[in-house]
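Both counts, for ligands and for their atoms, begin at 1 and track the order of listing. Both backbone and side-chain heavy atoms feed into the values below; hydrogens, waters and symmetry mates do not.
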Amino acid sequence: MSDSTENNFPKGGLMHGKRGLIMGVANKNSIAWGIAQQLHAQGAELGFTYLGEALEKRVRPLAESVNASIFTPCDVADDASMEAAFAEVREKWGELDFLVHSIGFAGREGLKGSFVENTSRENFKMTMDISAFSFVAAAKLAAPMMKPGSSMITLTYLGSERVIPNYNVMGVAKAALEACTRYIARDLGPKGIRVNAISAGPMRTLAMAGISGGRGMLSTGKDWSLLKEDTSMEGVAGSALWLLSDLGRSVAGEVVHVDAGFHAVGMPEPQAVTE
Ligand code: NAD
Ligand code: 0WE
């Protein structure tokens with residue numbers, strides 16, 4: 001039987017039959033957790049890595065609530081820890097359909113004031129290692145388990161492309177992360193594996209807590225953005241679903257801005273003239 005509705009478009013349960021690893025849930029406000037919930041709602045089977053002991057009791061109940069079949073520690077600064085985490089995926093699943101990399105870190109002293117004065121060699125290296133190289137390392141371990149049609153994403157921020165006060169060394173690492181996304185995408189493209197990044201607007205997560213001027217940044221974002229609203233978790237998770245599911249076919253090496261249009265604005269709306 002054939003009619004005009006016959007096509008290869010997905011029918012819902014967009015992630016049904018797909019298994020993937022989520023790296024970077026610290027608590028219920030984490031972007032990785034917002035993405036995980038969306039993927040679970042669309043039928044994905046999930047595994048989680050968490051940084052260490054301290055976060056285990058936070059993350060375990062979240063993982064259990066979506067019936068995660070993998071829950072394993074992973075410090076991306078440590079090769080042995082990364083190998084152990086991916087070895088577990090290899091043993092339990094053998095195959096992997098998607099990967100979410102939602103990890104970034106800089107020493108706090110590098111996230112304020114003068115970039116030139118406050119960026120030490122040690123902090124520069126550590127920030128680059130954890131925030132950019134870790135995506136390359138994860139891709140190397142994940143790719144051998146991935147079939148054509150698989151997909152990976154990472155999370156980035158506009159501070160890679162423009163100067164954002166205080167973002168400093170993280171901005172440099174995000175620029176590297178976005179370039180890594182394109183080079184990983186080049187290597188894995190011929191294997192049918194798509195690699196992309198989501199550039200999210202400011203969100204109220206652990207990584208935003210205690211950032212100097214954090215609150216002001218959220219309100220500036222709201223005033224300047226095209227949509228005149230904050231970036232929503234639903235919006236970020238929705239784009240993750242698109243890129244990780246078969247809806248994202250043909251999209252590779254892309255950095256998608258999910259920021260209420262903030263990135264497109266060169267100057268805010270003029271204020272009403274008061275005489
Ligand atoms: P978050 O603190 O919830 O997530 C950051 C994660 O990085 C945590 O789970 C932490 O455990 C993990 N991490 C740090 N060092 C690690 C290491 N050595 N090994 C393994 N994991 C490590 O905050 P978030 O806002 O959800 O951040 C997730 C990603 O989104 C980051 O890459 C961040 O740069 C990016 N991002 C955040 C925003 C925002 O405004 N919150 C905007 C755009 C992009
Ligand atoms: O990527 C980030 C934040 C990442 C981050 C946050 C911290 C805080 C705690 C990395 N390392 C650390 N180290 C810590 O000790 N964002 C996109 C959120 C963010 O952070 C900013 C921002 C925005 C936006 C810092 C300064 C200015 C803007």
Any chance the side chains of N123 and T127 put a donor and an acceptor closer than 3.5 Å? yes
CG/L55 to CG/L62 distance, rounded to the nearest 0.5 angstrom? 11.0 Å
A student checking ligand 1 against G24 at a 4.0 Å heavy-atom cut-off should list atoms 4 (O), 6 (C), 8 (C), 9 (O)
Using a 4.0 Å cut-off to any heavy atom of C74, which atoms of ligand 1 qualify? 19 (N), 20 (C)
Please walk me through it: do E95 and K147 pass salt bridge (charged side-chain N to carboxylate O under 4.0 Å, His left out)? CA-CA 8 Å; E95 285 183 349; K147 305 191 296 285; 3.2 Å; yes
Enumerate the atoms of ligand 1 whose separation from the nearest heavy atom of S30 is less than 4.0 angstrom. 1 (P), 3 (O), 26 (O)
Of the backbone atoms (N, CA, C, O) and the side-chain heavy atoms from C-beta on, which set of N27 has a member under 4.0 Å from an atom of ligand 1: side chain, backbone, both, or neither? neither
Under a 3.5 Å threshold, yes or no: a donor from one side chain and an acceptor from the other, between E161 and H257? yes
If hydrogens are left out, which of L155, L177, T156 has an atom nearest to atom 44 (C) of ligand 1, that is, the closest non-hydrogen atom? T156
Which residue and non-hydrogen atom of the protein lie closest to atom 40 (O) of ligand 1, and at what distance in Å? M203 N, 2.7 Å
Out of L111, I130, I31, the nearest non-hydrogen contact to atom 12 (C) of ligand 2 is supplied by L111
Mode of K174 contact toward ligand 1 - side chain, backbone, both, neither (heavy atoms, under 4.0 Å): side chain
Going by distance alone, is a donor N or O of one side chain under 3.5 Å from an acceptor N or O of the other, for H263 and S199? no
Can you check salt bridge (charged side-chain N to carboxylate O under 4.0 Å, His left out) on K18 and D246, steps first, answer last? CA-CA 10 Å; K18 291 189 194 285; D246 298 338; 3.0 Å; yes
Specify the closest pair of heavy atoms between A173 and A132, including all atoms of both residues, with the distance to one decimal. O-CB, 3.7 Å
among protein heavy atoms, the one nearest atom 5 (C) of ligand 2 is A207 O, 4.0 Å
Interatomic distance, CZ@F48 vs OG@S30, rounded to 0.5 Å, equals 10.5 Å
So is there a nitrogen or oxygen of M170 less than 3.5 Å from a nitrogen or oxygen in ligand 1? no
Counting only nitrogen or oxygen atoms and a 3.5 angstrom limit, does F105 reach ligand 1? no
Heavy-atom protein neighbour under 4.0 angstrom from atom 10 (C) of ligand 1: no
A student checking ligand 1 against P202 at a 4.0 Å heavy-atom cut-off should list atoms 40 (O)
Among protein heavy atoms, which lies nearest atom 15 (N) of ligand 1, and at what distance? I130 CG2, 3.8 Å
In the protein, which heavy atom is nearest to atom 5 (C) of ligand 1, and how far is it? S102 O, 3.8 Å
Does the N or O separation between A106 and ligand 2 drop below 3.5 Å for any pair? yes
Just jot down the ligand 1 atoms closer than 4.0 angstrom to any heavy atom of V25, in number order. 9 (O)
Going by the 4.0 angstrom heavy-atom rule, the piece of P165 near ligand 2 is backbone
For atom 24 (P) of ligand 1, which of I103, D230, T205 has the closest heavy atom? T205
Output for pair (R19 CZ, L96 CG), nearest 0.5 Å, gives 9.0 Å
Within a distance under 4.0 Å of any heavy atom of N166, pick out the atoms of ligand 2 and give their elements. 26 (C)
Near G201, which atoms of ligand 1 are under 4.0 Å from a heavy atom of that residue? 40 (O), 42 (C)
Hey, is S134 touching ligand 1 through its side chain, its backbone, both or neither, going by heavy atoms under 4.0 Å? neither
Would you tell me which option among Y167, Y157, F105 has the nearest heavy-atom contact to atom 20 (O) of ligand 2? Y167
Counting only heavy atoms, tell me which of E109, K174, R108 gets closest to atom 9 (C) of ligand 2. R108
Heteroatom distance test (A200, ligand 1): nitrogen or oxygen, under 3.5 angstrom: no
Where does the angle between the aromatic ring planes of H101 and F135 fall among parallel (under 30°), tilted (30 to 60°) and perpendicular (over 60°)? tilted
Indicate, as side chain, backbone, both or neither, the part of L55 found under 4.0 angstrom from ligand 1 when only non-hydrogen atoms are considered. side chain
Can you name the closest pair of heavy atoms from L177 and S131 and give their distance? CD1-O, 3.6 Å
Considering all heavy atoms of both residues, which atom of T205 and which atom of N29 are nearest to each other, and what is their separation? CG2-O, 3.1 Å
To the nearest 0.5 Å, atom OG of S102 lies from atom CE of M23 at 10.5 Å
Quick one: nearest non-hydrogen protein atom to atom 26 (O) of ligand 1, plus distance? I31 N, 2.8 Å
Nearest 0.5 Å please: distance from the CZ atom of F262 over to the CG atom of L227. 12.5 Å
for atom 25 (C) of ligand 2, nearest protein heavy atom and its distance come out as I211 CG2, 3.3 Å
Which of the ligand 2 atoms, numbered from 1, are nearer than 4.0 Å to a heavy atom of M208: 18 (C), 19 (C), 23 (C), 24 (C)
Is there any N or O on L206 that sits under 3.5 Å from an N or O of ligand 1? no
Rounded to the nearest 0.5 Å, how far does CZ of F71 lie from CZ of R60? 5.0 Å
Give a yes or no on whether F115 atom CZ has more than 12 heavy-atom contacts from other residues, nucleotides or ligands under 6.0 Å away. yes
Give the numbers and elements of all ligand 1 atoms closer than 4.0 Å to a heavy atom of D75. 17 (C), 18 (N), 19 (N)
Pairs of nitrogen or oxygen atoms closer than 3.5 Å, one from Y157 and one from ligand 1: do any exist? no
Quick look: V76 vs ligand 1, heavy-atom contacts under 4.0 Å, and the answer is both
Report yes or no: do Q42 and S245 form a side-chain donor-acceptor pair below 3.5 Å? no
Considering only the protein, which heavy-atom contact is closest to atom 17 (C) of ligand 1, and what is its distance? L51 CD1, 3.4 Å
Tell me whether the count of non-hydrogen atoms from other residues, nucleotides or ligands lying under 6.0 Å of NZ in K228 goes above 12. yes
Considering residues, nucleotides and ligands other than K92, do more than 12 of their heavy atoms fall under 6.0 Å from its NZ? yes
